[in-house]
Amino acid sequence: MASRIADSLFAFTGPQQCLPRAPQVAPARSPGVYAVRPIDLLLRGHTHRRRTFLVPGKKRVGCIKAVAAPAAPPSADSAEEREQLAESYGFKQIGQDLPDNVTLKDIMDTLPKEVFEIDDVKAWKSVLVSVTSYALGLFMIAKAPWYLLPLAWAWTGTAVTGFFVIGHDCAHKSFSKNKLVEDIVGTLAFLPLVYPYEPWRFKHDRHHAKTNMLVHDTAWQPVPPEEFDSSPVLRKAIILGYGPIRPWLSIAHWVNWHFNLRKFRPSEVNRVKISLACVFAFMAVGWPLIIYKVGILGWVKFWLMPWLGYHFWMSTFTMVHHTAPHIPFKSADEWNAAQAQLNGTVHCDYPSWIEILCHDINVHIPHHISPRIPSYNLRAAHESIQENWGKYTNLATWNWRLMKTIMTVCHVYDKEENYIPFDRLAPEESQPITFLKKAMPDYAA
């Protein structure tokens with residue numbers, strides 16, 4: 001059952017919703033037809049093409065019109081509507097649909113050649129930043145009084161996330177021109193996270209090849225309806241996993257996807273075994289040494305809590321990258337690579353200290369246009385994409401409304417609506433979602 005729950009929670013590293021706000025007069029640029037806010041207009045169940053507009057806590061109803069001069073509601077593809085949706089979901093911009101005839105190569109060809117260049121100095125500088133910031137975090141944990149430990153853990157967990165990003169670059173062959181160096185650095189960078197490098201690399205390559213493709217994407221996916229309906233126990237586990245504990249659900253993904261040899265192709269198994277041996281060796285030697293020096297509580301203090309901080313970012317980053325009510329997952333016969341990588345990826349700005357420690361991993365759109373772009377060149381590539389394809393991109397600054405939308409709306413897959421929230425399908429069992437709706441702030445930056 002545990003394996004089945006984990007398989008469902010990470011069906012093949014997603015979500016969103018906002019609470020209705022008080023009505024107010026439409027801005028002057030609006031033709032005066034509507035006298036309520038966009039979140040009150042874009043009612044649950046109203047669909048147009050691939051976009052569906054959800055209003056939390058309301059039943060499916062028809063479109064509300066204000067008592068004013070008659071006029072039609074805005075087109076689902078209008079700039080005004082995208083602006084309204086962006087505000088409702090916690091985005092800065094929701095992009096236009098990319099035309100079907102645009103290919104990934106068309107987008108890639110507009111990028112400057114220099115963004116693909118590997119710079120050894122910059123690469124090793126990123127290693128220095130991560131090692132130094134992680135060492136500083138351990139020093140802070142050792143010296144901080146108990147009431148400042150959460151701050152020290154937050155810093156250290158974010159710093160060790162930078163190790164993951166370095167290994168991530170190695171896996172994409174964007175760290176060094178020497179493949180052996182990349183394999184060694186990638187393996188070592190993942191060890192403090194007890195993450196097996198090669199198993200993750202194989203699965204992550206498939207995420208890039210099948211981004212937002214139903215079943216085949218190995219990152220976050222909508223919950224399959226048949227899994228949600230399969231049993232009451234599993235349904236409750238899924239609601240809890242995709243609800244309150246979602247910011248740590250990458251732990252389930254880590255356990256379920258990376259240690260089972262049967263999940264890998266025969267050609268991959270030998271490299272997977274080497275990575276698993278390295279991880280188990282670290283656990284067998286490193287953990288006892290920590291416990292010998294500082295005890296079990298010291299192991300919790302110096303390793304476990306920063307590790308949980310890392311998984312908070314791992315879960316948060318990956319679900320924000322590709323999940324929103326307007327971003328569809330498509331079956332293989334409908335999937336379009338350019339649309340999935342450009343339209344289906346979100347650029348999200350975080351506080352600058354997080355961006356520095358995590359090596360700009362959230363400048364994510366260019367990374368999906370070409371994973372070969374080194375992390376230190378992502379911002380230059382992003383600027384180029386904004387100049388040439390900016391109107392098609394989804395942009396956000398991390399905020400509570402964005403997270404609330406992800407955690408309370410984007411749940412069960414639906415072809416027409418993209419996502420159906422748990423509390424529409426099983427309201428009696430969705431108390432965790434009701435709690436999040438009440439407890440989470442609705443603040444948007």
Side-chain angles (χ1 to χ4, degrees), residues 119-171 175-176 181-182 184-197 200 247-248 250-251 254 275 278-318 349-363 374-376 378-379 398:
D119 185 321
D120 288 336
V121 174
K122 291 181 179 178
W124 287 102
K125 179 182 176 182
S126 68
V127 174
L128 180 63
V129 168
S130 287
V131 171
T132 303
S133 59
Y134 183 56
L136 176 60
L138 295 178
F139 177 79
M140 291 165 61
I141 292 172
K143 298 299 182 181
W146 66 266
Y147 52 86
L148 292 180
L149 278 175
L151 295 177
W153 288 330
W155 172 275
T156 311
T158 307
V160 81
T161 304
F163 283 25
F164 175 85
V165 179
I166 290 168
H168 174 269
D169 267 17
C170 292
F175 180 84
S176 171
V181 168
E182 288 185 319
I184 293 173
V185 172
T187 298
L188 292 175
F190 273 33
L191 282 184
L193 307 168
V194 293
Y195 227 114
Y197 171 73
W200 175 85
W248 290 274
S250 58
I251 296 173
W254 165 71
S275 284
C278 291
V279 166
F280 292 138
F282 177 84
M283 295 168 69
V285 176
W287 283 2
L289 282 176
I290 296 172
I291 294 170
Y292 175 76
K293 288 291 186 180
V294 293
I296 291 289
L297 289 180
W299 176 83
V300 171
K301 181 178 175 181
F302 284 94
W303 185 84
L304 181 62
M305 296 307 292
W307 184 78
L308 292 174
Y310 153 72
H311 273 287
F312 171 82
W313 289 125
M314 182 71 167
S315 298
T316 299
F317 290 166
T318 52
D349 292 316
Y350 290 78
S352 57
W353 68 276
I354 296 173
E355 302 277 29
I356 293 170
L357 293 186
C358 297
H359 308 299
D360 287 335
I361 190 60
N362 295 295
V363 185
S375 58
Y376 44 80
L378 288 173
R379 290 199 177 274
W398 190 91

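This structure is a prediction, so every number in the text was calculated from the model and none was measured.
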Report yes if some heavy atom in the side chain of [X] is under 4.5 Å from a heavy atom in the side chain of [Y]; otherwise report no.
X	Y	result
Cys358	Phe317	yes
Thr161	Met314	no
Ile166	Ser130	yes

Task: side-chain hydrogen bond (donor to acceptor under 3.5 Å, both in side chains) pairs, two or more places apart, involving residues 296-314 - done: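 Pairs touching residues 296-314 that pass the test: Thr158-Trp313, Ser250-His311.
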
Ignoring hydrogens and angles, tell me if any N or O in the side chain of [X] forms a donor-acceptor pair with the backbone of [Y] under 3.5 Å.
X	Y	answer
Trp155	Ser133	yes
Ser275	Pro196	no
Ser126	Ala123	yes
Tyr197	Cys278	no
Tyr195	Ala189	no

Task: ring pair (Phe, Tyr, Trp, His ring centres under 6.0 Å) partners for Phe302, two or more places apart - done: none

TODO: Report the residues that fulfil ring pair (Phe, Tyr, Trp, His ring centres under 6.0 Å) with His359, sequence neighbours left out, ordered by chain and then residue number.
DONE: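 Ring pair (Phe, Tyr, Trp, His ring centres under 6.0 Å) list for His359, sorted by chain: empty.
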
If you round to the nearest 0.5 Å, how far is [atom2] of [Y] from [atom1] of [X]?
X	Y	atom1	atom2	result
Ile141	Leu151	CD1	CG	11.5 Å
Leu289	Phe282	CG	CZ	9.5 Å
Asp360	Ile354	CG	CD1	12.0 Å
Glu355	Trp398	CD	CH2	13.0 Å

- [ ] Give me the ring orientation class for Phe175 and Trp124: parallel if the planes are under 30° apart, tilted from 30 to 60°, perpendicular past 60°.
- [x] perpendicular

- [ ] Could you list the residues that satisfy salt bridge (Lys or Arg N to Asp or Glu O under 4.0 Å) with Asp349, not counting sequence neighbours?
- [x]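 With neighbours one apart ignored, the set is Lys92.
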
Sequence neighbours excluded, which residues qualify as side-chain contact (heavy atoms from CB on, under 4.5 Å) partners of [X]?
X	answer
Ala281	none
Leu308	Trp248, Ile251, Leu304, Met305
Leu378	Val363, Pro366, His367, Ile373, Ser375
Met283	Val194, Val279, Phe280, Trp287

Open item on the list: Enumerate the ring-ring contact (aromatic ring centres under 6.0 Å, His included) contacts for residues 127-151, please, sequence neighbours excluded, ordered by first and then second residue.
Closed with: Tyr134-Phe163

